[in-house]
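One-based numbering along the sequence shown.
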Amino acid sequence: MSSPLTPEALGQELARRAGAAPGRMVVAIAGPPGAGKSTLVDQLQAALRADGLPTQILPMDGFHYDNAILDARGLRHRKGAPESFDACGLIRLLQALASPEAPDIAVPVFDRAADLSRGSARIIPAATRVLLVEGNYLLLDRAPWNALRPLADVTAMLDCPFEVLEARLMRRWLALGLPETEARARVEGNDLPNARLVLTESAPAALSVSTL
């Protein structure tokens, strides 16, 4: 993995690569919870569109299993862990999106306030040149997640100190109205174990990005 890029430098590198080749470029951006993936892809989308490259975002969080399924499987307390996602559904959809002949395709988006995924909530138009896929486990080196990596033309991993992740995750839960004790329990019992998993079991990315 190369030395960490700034978000601005990553945008310039993606624009260079997309401009040098026809067709659609799929970019997989992975990182632990709290690393700033959503903020980064929003910035990248704006920068790439400003460069004349039609760009869309596909968030992995849209593939959360519904809470009813998590309850039935005894996984609600582990929501956000790899087993709480429809990884195979994400793989199938990304295979379709990566095709040069892909038509307009609707994708799901996670509604954090409602704590559920909304199906067909975003359209990835056929004219999309750059598809930014973001999520914790896009580079996880275990089945079935390891089938995602070959579908990406570019892979990137976010680089952020662990203590910064912890502080951001606490702020996230507090902003959603959770009491501090409950927020702390979620961060320590679920978010941080998931972060450690991403950091220790992800395959190497081509690019590293600092989101400090």
Side-chain angles (χ1 to χ4, degrees), residues 1-63 87 89-112 117-140 145-160 198 202-212:
M1 188 183 296
S2 60
S3 299
L5 300 172
T6 64
E8 293 76 16
L10 176 63
Q12 293 166 3
E13 176 63 15
L14 295 181
R16 183 190 67 79
R17 295 191 186 199
R24 178 173 295 177
M25 183 174 74
V26 177
V27 183
I29 298 177
K37 296 179 296 296
S38 297
T39 299
L40 175 63
V41 294
D42 285 344
Q43 294 172 345
L44 292 174
Q45 182 184 61
L48 291 167
R49 286 179 173 179
D51 283 334
L53 293 165
T55 302
Q56 296 292 331
I57 296 169
L58 175 64
M60 186 199 78
D61 279 356
F63 294 84
L90 173 57
I91 292 165
R92 288 192 296 270
L93 184 58
L94 192 54
Q95 286 171 336
L97 287 166
S99 169
E101 293 82 29
D104 291 0
I105 296 178
V107 301
V109 176
F110 188 69
D111 184 332
R112 191 174 296 278
S117 295
R118 299 195 180 278
S120 302
R122 179 177 296 162
I123 297 293
I124 307 297
T128 300
R129 287 288 316 284
V130 181
L131 179 63
L132 302 172
V133 189
E134 62 94 356
N136 297 346
Y137 307 118
L138 299 181
L139 300 179
L140 194 63
W145 295 95
N146 52 7
L148 286 167
R149 194 165 181 256
L151 300 174
D153 301 295
V154 182
T155 59
M157 175 64 76
L158 273 58
D159 182 4
C160 184
V198 173
S202 291
L207 303 171
S208 175
V209 189
S210 175
T211 55
L212 188 60

### Query
Which heavy atom in Thr211 sits nearest to a heavy atom in Ala35, and how many Å separate them?
OG1-O, 2.6 Å

### Query
Which residues pass the side-chain hydrogen bond (donor to acceptor under 3.5 Å, both in side chains) test with Glu13, sequence neighbours left out?
Arg16, Arg17

### Message
Return the CG to CD distance between Leu48 and Gln43, rounded to the nearest 0.5 Å.
### Response
11.5 Å

### Query
How many angstroms lie between atom CG of Leu93 and atom CD1 of Ile91, to the nearest 0.5 angstrom?
11.0 Å

### Task
Determine whether Leu44 and Leu10 make a side-chain contact, defined as any pair of heavy atoms from C-beta on separated by less than 4.5 Å.
yes

Sequence neighbours left out, cut at 3.5 Å: what donor-acceptor pairs do the side chains of residues 121-135 make with other protein atoms?
from: Arg122; atom 1: NH1; to: Ile57; atom 2: O; distance (Å): 3.0
from: Thr128; atom 1: OG1; to: Pro125; atom 2: O; distance (Å): 2.8
from: Arg129; atom 1: NE; to: Gly23; atom 2: O; distance (Å): 2.7
from: Arg129; atom 1: NH2; to: Ala18; atom 2: O; distance (Å): 2.6
from: Arg129; atom 1: NH2; to: Ala21; atom 2: O; distance (Å): 2.9
from: Glu134; atom 1: OE2; to: Ser38; atom 2: OG; distance (Å): 3.4

### Query
Could you give the distance from CG (Leu151) to CG (Leu97), rounded to the nearest 0.5 Å?
10.0 Å

#### Entry: side chain to side chain contact (heavy atoms under 4.5 Å, CB included) partner of Ser208, the single match among Leu158, Asp159, Leu5
Asp159

### Task
Look at the side chain of Ser210 and the backbone N and O of Pro4, then say whether any donor-acceptor pair between them is shorter than 3.5 Å.
no

### For Met157 against Gly31, the heavy-atom pair lying closest together
SD-CA, 3.6 Å

#### Entry: Residues which pass side-chain hydrogen bond (donor to acceptor under 3.5 Å, both in side chains) with Asn146, listed by chain and number, not counting sequence neighbours
none

### Least distance between heavy atoms, Ala96 atom then Ala102 atom
O-CB, 3.3 Å

### Query
Which is it for Leu90 and Leu58 under the side chain to side chain contact (heavy atoms under 4.5 Å, CB included) test, yes or no, and what are the steps along the way?
CA-CA 10 Å; Leu90 173 57; Leu58 175 64; 4.2 Å; yes

### Task
Measure the CG-CE distance between Leu148 and Met60 for me, rounded to the nearest 0.5 Å.
9.5 Å

### Considering all heavy atoms, the nearest Leu138-Ala30 contact
CB-CB, 4.2 Å

### Task
Drop me the distance from Ile105's CD1 to Gln56's CD, to the nearest 0.5 angstrom.
12.0 Å

#### Entry: Lys37 side chain to Ile29 backbone, donor-acceptor under 3.5 Å
no

### Spacing of CG belonging to Leu14 relative to CG belonging to Leu53, to within rounding of 0.5 Å
9.5 Å

## Note on the structure
Heavy-atom closest pair (Asp51 atom, Ala15 atom, distance to 0.1 Å) is OD2-CB, 3.6 Å

### Query
So do Phe63 and Pro108 actually touch side chain to side chain, heavy atoms under 4.5 Å?
yes

### Task
State, to 0.1 Å, how close Ala205 and Leu139 come at their nearest heavy-atom pair, and which atoms those are.
CB-CD1, 3.6 Å

